Every structure is written in C-alpha cells, then in structure tokens.
Amino acid sequence: MLKSLSLAPNQAPTWPAWRLNLPGTDMCTICGGPGVAATPALLGFLAAAVIWEHRSGELVERWQLRACLTMLAEAAAARAREVEPDISWYENVVTELLADPPGERGQEACQALTQPDRQYRKLARVKQLSALTLAQDRLEVLEQALPPHLRPERPMRLSTRSSLQTWYKNLTEVCRDEIPHVEMLLFSLPDEG
C-alpha cells in the first residue's frame, strides 16, 4: 500500500520517506529537520497516492507503483549525496574527526586558538604558523562534516589568527549541545576529567 488509511497522514509508512529522505530547501518549523522538497518525483507520488485512495484504495496500478519507486529512488540518491543515510549529523562529525586525528601537534593547534595573545606571541614564528595551519585544516574537516544547514558563515579571510579563532568558536558552538567536548575530538586532546 502507498499509505495506510488507518493512520494519520504524518504517521503513515510513506511519510518518513518524504520527510527524511528528500532534501528540503527550508527547515521544518516543527522539528528543525529538512523540509520536503516539491520535486517532480514527489508530486507524481502524491498524485498516485490520491488517485489510489479515491479508487477504493485496494489495487495498486503499475504507474502508481512506478511513481512510488521513482520517489523513493530519488530520495535515496539525494540522501546519499548529502550524508550517509543511517547516521546522524553528529555521528558523522565524530567519525570524520576520528578518521585522521592530528596527533601530538593537536594540542599546539588548540593552544594557538585558545591561549592569550601574550603567550602566543612568545612562540617562534614557524611554530605559530605550523599550529595555525593545522588548526585551519582541522576546522575545515569539522565544517565539511557538518550538514550544510548547520555550517556557520566562514570568515572571508582565514589568514589571521583572530579570523580562525572566530571560526573555531562558531563551529564548536554549533556542535556544543550534541558533542559537548568537541575540541577534544577536534585536536585529540586528553580527557581531563
């Protein structure tokens, strides 16, 4: 069946396929997730579902089944392009950050973004640049792991320490609720507590 008549439309078995798999342009105002994109495949499916329901809701015609399968195939392809379909965005972030940890230099990169200016200026210029380069690389990994709708605006120029610090603050703030100690993953810091 294309949808269950015994359930409310938003609880029918087909509703999650529209809501979760199709990439929406707007966020849902109720749950904050992706909205439903009005694609030709979805509209064809909705038309097939309405006609099926008005024709007694028993026999699924071949074109109706094709419309349903087209919608599901488009949804699966779009979802696969966005992120792995069965993991949440924060699981994706954790996986990406753990895939290529920064090693021992991670602490230097973290300190370059978080320590006071006076302490930072005491470092040799080569060490400053090395730490900031690693910090920028790690922040780019984090940004790419985030879904597009959660990515904060990237500073125009990432060549300065202050712009990297702002970007670091914005990126980690986005993750704070789901990944409370994101900086530990970002820079492979030891667990202090």
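None of these values were measured; they are calculated from a predicted model.
Between Ser162 and Trp167 there is no side-chain heavy-atom pair separated by less than 4.5 Å. Side-chain contact between Glu143 and Leu150 is absent, with no heavy-atom pair separated by less than 4.5 Å. Between Trp63 and Ile51 there is a side-chain heavy-atom pair separated by less than 4.5 Å. The side-chain heavy atoms of Leu146 and Leu171, taken from C-beta on, include a pair separated by under 4.5 Å.
Rounded to the nearest 0.5 Å, atoms NZ (Lys127) and CD (Gln111) are 9.5 Å apart. Rounded to the nearest 0.5 angstrom, His181 NE2 and Thr172 OG1 are separated by 12.5 Å. Atoms CG and OG1, on Leu164 and Thr160 in that order, are 6.5 Å from each other to the nearest 0.5 Å. The distance from the NZ atom of Lys169 to the CG atom of Leu113 is 13.5 Å, given to the nearest 0.5 Å. Between the NE2 atom of His149 and the CH2 atom of Trp89 there is a distance of 8.5 Å, given to the nearest 0.5 Å. Between the CD atom in Gln107 and the OG1 atom in Thr114 there is a gap of 9.0 Å [rounded to 0.5 Å].
A distance-only check finds no donor-acceptor pair linking the side chain of Arg105 to the backbone of Leu134 [under 3.5 Å]. Judged purely by atom type and a 3.5 angstrom limit, Arg161 has no side-chain atom pairing as donor or acceptor with the backbone of Leu132. The backbone N or O of Val50 sits nowhere less than 3.5 Å from a side-chain atom of Glu53 that would complete a donor-acceptor pair. Between the Asn170 side chain and the Pro152 main chain, no donor and acceptor come within less than 3.5 Å of each other. Remark: the backbone N or O of Ala145 is not paired with any side-chain donor or acceptor of Glu96 at under 3.5 angstrom. Put simply, the side chain of Gln128 gets close to the backbone of Tyr120: a donor and an acceptor are under 3.5 Å apart.
Within the structure, the salt bridge (Lys or Arg N to Asp or Glu O under 4.0 Å) test picks out the following pairs touching residues 177-188 (sequence neighbours left out): Arg176-Glu183.
Cation-pi geometry between Arg138 and Phe187 is not met: the NZ or CZ atom fails to fall both under 6.0 Å from the ring centre and inside 45° of the normal.
Linking Ile, Leu, Val, Met, Phe, Trp and Tyr whenever their side-chain heavy atoms come within less than 4.5 Å puts Leu98 and Leu142 in one cluster. Hydrophobic cluster membership is shared by Leu69 and Trp52, with clusters built from Ile, Leu, Val, Met, Phe, Trp and Tyr side chains linked at under 4.5 angstrom. Val94 and Leu139 end up in the same hydrophobic cluster when Ile, Leu, Val, Met, Phe, Trp and Tyr side chains are linked at under 4.5 Å.
Counting all heavy atoms, side chain and backbone alike, Ser188 lies closest to Pro102 at OG-CD, 3.1 Å. Across all non-hydrogen atoms, the minimal contact from Ala131 to Ala112 is CB-CB, 3.7 Å.
Looking only at atom types and distance, the side chain of Glu140 has no donor-acceptor partner in the side chain of Gln144 under 3.5 Å away. Of the N and O atoms on the side chains of Thr166 and Ser163, not one donor lies less than 3.5 Å from an acceptor on the other residue.
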